[in-house]
> 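One structure follows; several queries about it will come next.
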Amino acid sequence: MRLFAAVLPPEAAVDELDVRVRRLRTLPDADRLRWTGRSGWHFTLAFYGEVPDTTLPDLHERLARAARRYEPFPLGLKGGGRFADRVVWAGADGGLPALRKLADSATAAARRAGLEMSGHRAYTPHLTVARNRAEALDLEPFVDGLADFEGSAWTVRELALVRSRLPVSGVAGEQPRYETVAAWPLGRRAGRLRSKGGPQNP
């Protein structure tokens, strides 16, 4: 399975961002971007790629341990940025140190489970809203359109393991499908793993 660890924003936060993204999609050249769907809005903590079934039990156990190390923390969507001329993203505010530590632990869990992880890079909390498919396109107007955005805060209470199913139909604009396969509550007093079921964007 193609998997990654993530923090998933609640529906209310997604609704707030959706209002702003709809505005961004009216800007000049917006049709040259590939916009991510609401169901694909998440904070990726660590991307694992294709994970063998034999590795899953160990990965689950190590992610559960990672989740227990951190108490729930506040987070909110705020502002935005870009990665060069490739990606436009919404940023975060609140418990960023805790989010970064959780990302580091999710990466370490995979390494200890035997997965090959790329070299360590400083974690930049971001939620991808659009990708550039044009060669010469200035993304700054879209970043500026997010500059004053500030959503309501919520409490991060879970570490999620998400499966990504890449498009197979060949239809232009088709989005990946995401399915949360498991989630672990944060905190030492939290309960056990909650299995998830059903794709987020069937």
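This one's a predicted model, so the numbers in the text were calculated from it and none came from an experiment. Quick note: residue numbers are just sequence positions, from 1.
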> Closer than 3.5 angstrom, by distance alone: can the side chain of W41 be matched with the main-chain N or O of A13 as a donor-acceptor pair?
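Side chain of W41 to backbone of A13, a donor-acceptor pair under 3.5 Å: no, none is there.
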
> For R68 and W184, run side-chain contact (heavy atoms from CB on, under 4.5 Å): C-alpha distance rounded to whole Å, both residues' side-chain angles, the deciding distance at 0.1 Å, then the answer.
CA-CA 8 Å; R68 288 196 293 270; W184 296 269; over 6 Å; no

> In Å, rounded to the nearest 0.5 Å, how long is the span from CZ of F142 to CG of L27?
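If I round to the nearest 0.5 Å, the distance is 5.5 Å.
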
> Any link between L17 and V87 through a network of hydrophobic side chains (Ile, Leu, Val, Met, Phe, Trp, Tyr) touching at under 4.5 Å?
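L17 does not cluster with V87.
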
> Of all heavy-atom pairs between Y48 and A110, which one has the smallest distance, and what is that distance?
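Between these two residues, the closest heavy atoms are CE2-CB, 3.3 Å.
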
> How many angstroms lie between atom CD of E71 and atom CZ of R157, to the nearest 0.5 angstrom?
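Here the interatomic distance stands at 10.5 Å.
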
> Could you please spell out the steps behind the side-chain contact (heavy atoms from CB on, under 4.5 Å) verdict for L146 and V88?
CA-CA 10 Å; L146 287 165; V88 178; 4.1 Å; yes

> Can you confirm whether V51 sits close enough to M1 that some side-chain heavy atom of one is under 4.5 Å from a side-chain heavy atom of the other?
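No - every pair of side-chain heavy atoms lies 4.5 Å or more apart.
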
> Is it true that D18 and R22 have a side-chain N and a carboxylate O under 4.0 angstrom from each other?
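Looking at D18 and R22, the cut-off is met.
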
> In this structure, would L139 and F83 fall into the same cluster of hydrophobic residues linked by side-chain contacts under 4.5 Å?
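Hydrophobic grouping puts L139 apart from F83.
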
> For E140 and R82, run side-chain contact (heavy atoms from CB on, under 4.5 Å): C-alpha distance rounded to whole Å, both residues' side-chain angles, the deciding distance at 0.1 Å, then the answer.
CA-CA 8 Å; E140 208 57 40; R82 63 188 174 111; 2.9 Å; yes

> Any side-chain heavy-atom pair from L3 and F47 closer than 4.5 angstrom?
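SC-SC contact between L3 and F47 ruled out.
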
> Give the C-alpha distance, both sets of side-chain angles, the deciding distance and a yes or no for side-chain contact (heavy atoms from CB on, under 4.5 Å) between F4 and Y178.
CA-CA 10 Å; F4 59 90; Y178 299 99; 3.7 Å; yes

> Is there a side-chain contact between L115 and P52, using heavy atoms and a 4.5 Å cut-off?
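Yes, side chains in contact.
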
> Please name the pair of heavy atoms, one in L24 and one in G145, separated by the smallest distance, quoted to 0.1 Å.
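Smallest heavy-atom distance, with atoms named: CD2-CA, 3.6 Å.
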
> Provide the closest heavy-atom pair for P125 versus L99 in the form atom of the first, atom of the second, distance.
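What the structure gives for the nearest pair is CB-CD2, 3.6 Å.
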
> Out of curiosity, does F43 fall in the hydrophobic cluster containing V143 (side-chain heavy atoms, cut-off under 4.5 Å, transitive links)?
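Different clusters: V143 never reaches F43 through Ile, Leu, Val, Met, Phe, Trp or Tyr contacts under 4.5 Å.
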
> Of all the heavy-atom pairs spanning A106 and L45, show the shortest one and how long it is.
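Heavy-atom minimum between the residues: CB-CB, 4.2 Å.
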
> Quick one: CD on E16 to CH2 on W154, what's the gap to the nearest 0.5 Å?
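E16 atom CD to W154 atom CH2 measures 9.0 Å (nearest 0.5 Å).
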
> So, using side chain to side chain donor-acceptor pair (under 3.5 Å) as the criterion, who are the partners of R65 when residues are at least two apart?
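E61.
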
> Search all heavy atoms of L186 against all heavy atoms of E158 and return the closest pair with its distance.
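Looks like CG-N, 3.9 Å.
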
> Between R38 and D15, is there a salt bridge with N-O shorter than 4.0 Å?
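Looking at R38 together with D15, the answer is yes, because their closest N to O distance falls below 4.0 Å.
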
> Checking E179 side chain against V162 main chain: does a donor-acceptor pair fall under 3.5 Å?
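The answer is no, because no donor-acceptor pair under 3.5 Å joins these two groups.
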
> Is any NZ, NE, NH1 or NH2 atom of the basic residue among D148 and R20 found under 4.0 Å from an Asp or Glu carboxylate oxygen of the other?
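Yes, charged N to carboxylate O under 4.0 Å.
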
> Quick one, L127 and P9 - any side-chain contact, counting heavy atoms below 4.5 Å?
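Yes. Closest side-chain heavy atoms under 4.5 Å.
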
> Any salt bridge (Lys or Arg N to Asp or Glu O under 4.0 Å) involving residues 40-50? Give me the pairs, sequence neighbours left out, ordered by first then second residue.
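Output for this query is empty, none listed.
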
> Tell me whether D29 is salt-bridged to R32, with the criterion being a basic N under 4.0 Å from an acidic carboxylate O.
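A salt bridge links D29 with R32.
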
> Please report the interatomic distance OH(Y70) to CZ(R188), rounded to the nearest 0.5 Å.
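It comes to 10.5 Å.
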
> What distance do F149 atom CZ and R23 atom CZ have between them, rounded to the nearest 0.5 Å?
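Between F149 CZ and R23 CZ, I get 9.5 Å after rounding to 0.5 Å.
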
> For T107 and A46, indicate whether the former's side chain and the latter's backbone hold a donor-acceptor pair under 3.5 Å.
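Not confirmed, T107 side chain does not pair with A46 backbone.
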
> Let me confirm one number: the CZ-CG distance from R131 to L33, rounded to the nearest 0.5 Å.
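With rounding to 0.5 Å, CZ (R131) is 11.5 Å from CG (L33).
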
> What's the shortest heavy-atom distance between L75 and A92, and which atoms?
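Between these two residues, the closest heavy atoms are CD1-CB, 4.0 Å.
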
> Using the rule that Ile, Leu, Val, Met, Phe, Trp and Tyr join whenever any side-chain heavy atoms are under 4.5 Å apart, tell me whether W89 and V7 fall into a single cluster.
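W89 and V7: separate clusters.
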
> Within the distance-only criterion (no hydrogens, no angle test), does the side chain of R100 pair as donor or acceptor with the backbone N or O of T124 below 3.5 angstrom?
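Here the side-chain-to-backbone pair does not exist.
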
> N132 side chain to D85 main-chain N or O, any donor-acceptor pair under 3.5 Å?
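Between the backbone of D85 and the side chain of N132 there is a qualifying donor-acceptor contact (under 3.5 Å).
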
